[in-house]
Amino acid sequence: MDKVRVMLADDNLNLLRLLSDYLSRKGEIELVATVSDGVEIPDAVLKHAPDILVMDIIMPRRDGFMTLEALNAMDEALRPKVIVLTGLARDDFIMRAIQLGASYYMVKPFDMELLYERILEVAREQPASILAPAQPEGGEESVDERITNLFLTLGIPAHIKGYQYLREAVRMVLENHDVINRITKELYPGIARKFDTSASKVERAMRHAIEVAWTRGRLDAVNQMYGYRVFAREDKPTNGEFIAMVSDKLAVKKTA
């Protein structure tokens with residue numbers, strides 16, 4: 001394939017210099033521009049026509065979310081794919097960036113070789129990799145990170161109640177698998193006590209979150225991530241089936 005045209009945007013000039021030096025040595029990359037001010041990004045995109053924009057969320061004068069909105073207003077043929085590279089690991093920030101069109105969300109500190117690989121993957125449109133946020137440098141993902149990555153890939157919004165309840169349910173089942181057999185007597189009430197709500201509201205919010213996931217069209221990406229069909233659009237699971245499936249997949253990954 002042709003070289004991937006890459007533009008970097010970050011207000012940390014030292015990081016810009018390090019990234020520029022590193023990526024410039026890669027034969028498959030053509031570094032076309034670097035920008036340190038958020039306001040300059042849209043004009044630089046139009047001028048240099050990058051395939052990939054690697055961008056921080058926190059930028060002077062215009063943050064990354066505003067930039068994504070500005071890019072969405074451009075003609076589709078002119079828009080680069082965006083990799084967000086930031087120190088902000090909050091679930092709501094990740095979800096907002098993905099909803100605004102970011103192809104990948106990577107958290108600092110990061111491995112430069114991993115970033116290079118992700119640039120190539122995004123350029124080649126490998127959806128299983130694109131939808132999951134990158135693992136930060138420095139070891140295995142935590143249980144919370146693995147749950148967050150899977151829920152993000154499925155398209156469950158981080159701001160809805162069901163997201164928090166499902167995440168807590170998966171944690172509980174990973175700690176004690178038998179609790180899945182006592183979902184109405186132990187799991188729902190336990191979550192309700194933690195979040196100061198009722199078991200019936202927990203059950204309804206979980207069902208709503210699963211419904212959202214099944215209407216967002218990201219099931220194929222999850223199936224590709226695991227290498228076989230985990231979820232099927234025509235077979236929307238019950239709350240218990242969903243929690244059991246997610247817990248089983250994460251438990252297998254943990255022990256692999």
Side-chain angles (χ1 to χ4, degrees), residues 1-138 149 152:
M1 62 178 291
D2 294 334
K3 286 189 176 185
V4 178
R5 296 172 57 83
V6 175
M7 175 176 152
L8 303 175
D10 199 299
D11 64 336
N12 184 328
L13 298 182
N14 288 331
L15 179 60
L16 268 185
R17 188 159 46 249
L18 289 171
L19 279 174
S20 298
D21 290 345
Y22 186 84
L23 293 175
S24 295
R25 296 196 297 269
K26 297 294 185 180
E28 294 181 273
I29 299 290
E30 179 183 355
L31 186 62
V32 297
T34 61
V35 174
S36 58
D37 188 325
V39 170
E40 298 173 1
I41 293 175
D43 286 342
V45 164
L46 293 174
K47 179 179 179 180
H48 299 285
D51 301 309
I52 303 290
L53 168 62
V54 179
M55 176 186 70
D56 196 358
I57 288 292
I58 303 301
M59 295 282 291
R61 295 202 290 169
R62 175 182 283 166
D63 65 28
F65 298 125
M66 295 174 66
T67 298
L68 286 168
E69 291 170 348
L71 295 177
N72 286 335
M74 292 182 182
D75 186 279
E76 185 175 359
L78 303 175
R79 291 199 301 263
K81 294 173 183 175
V82 178
I83 294 177
V84 172
L85 179 64
T86 182
L88 302 174
R90 283 176 42 176
D91 293 350
D92 53 341
F93 287 177
I94 295 171
M95 182 57 67
R96 186 177 177 194
I98 296 296
Q99 289 173 336
L100 287 173
S103 295
Y104 204 97
Y105 197 104
M106 199 167 189
V107 179
K108 300 174 183 175
F110 66 99
D111 180 88
M112 288 199 183
E113 184 65 20
L114 181 60
L115 173 62
Y116 165 65
E117 292 171 1
R118 296 300 178 259
I119 289 171
L120 297 184
E121 287 177 2
V122 170
R124 293 164 183 162
E125 297 183 339
Q126 296 180 6
S129 295
I130 290 171
L131 290 171
Q135 175 184 335
E137 183 181 11
N149 290 353
L152 172 62

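Any value given below was found using the heavy atoms of this structure, including those in side chains, with hydrogens, waters and symmetry copies removed.
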Legend entry - ring-ring contact (aromatic ring centres under 6.0 Å, His included): pairs with one or both residues in residues 18-50, sequence neighbours excluded: none
Legend entry - Heavy-atom pair of closest approach, residues I41 and M59: CD1-CE, 4.1 Å
Inset, instruction - Can you measure from OG (S36) to CG (L15) and round to the nearest 0.5 angstrom? - result: 12.0 Å
Inset, instruction - Mind listing the closest non-hydrogen atom pair of T67 and M55 along with its distance? - result: CG2-SD, 3.6 Å
Inset, instruction - Work out which heavy atom in P50 is nearest to a heavy atom in V6; give both atom names and the distance. - result: CB-C, 4.3 Å
Inset, instruction - Considering only NZ, NE, NH1 and NH2 on the basic side and carboxylate oxygens on the acidic side, decide whether R5 and E30 come within less than 4.0 Å. - result: yes
Legend entry - Sub-4.5 Å side-chain heavy-atom contact between R17 and N14: yes
Inset, instruction - Provide the closest heavy-atom pair for S20 versus L8 in the form atom of the first, atom of the second, distance. - result: OG-CD1, 3.7 Å
Legend entry - Contacts of type ring pair (Phe, Tyr, Trp, His ring centres under 6.0 Å), residue F65, not counting sequence neighbours: F93
Inset, instruction - Indicate yes or no: does K26 engage E113 in a salt bridge with an N to O separation below 4.0 Å. - result: yes
Legend entry - Gap separating the CG atom of L19 from the CG atom of L115, nearest 0.5 angstrom: 6.0 Å
Legend entry - Separation between CG of D10 and OG1 of T34, rounded to the nearest 0.5 Å: 10.5 Å
Legend entry - Check: V45 and M7 side chains under 4.5 Å, non-hydrogen atoms: yes
Legend entry - Heavy-atom check, side chain of R25 versus side chain of D21, under 4.5 Å: yes
Legend entry - Spacing of CD1 belonging to I52 relative to CD belonging to E121, to within rounding of 0.5 Å: 11.0 Å
Legend entry - Smallest separation among heavy atoms of D111 and M106, with atom names: O-CE, 4.1 Å
Legend entry - Non-hydrogen atoms of A97 and L68 that approach each other most closely: O-CD1, 3.9 Å
Inset, instruction - Taking the side chain as every heavy atom from C-beta outward, state whether L88 and Y105 have any pair of such atoms under 4.5 Å apart. - result: yes
Inset, instruction - Measure the shortest side-chain to side-chain distance between L16 and D11 over non-hydrogen atoms and say whether it is less than 4.5 angstrom. - result: no
Legend entry - Contact list for residues 55-68, test salt bridge (Lys or Arg N to Asp or Glu O under 4.0 Å), sequence neighbours left out: D37-R61, D56-K108
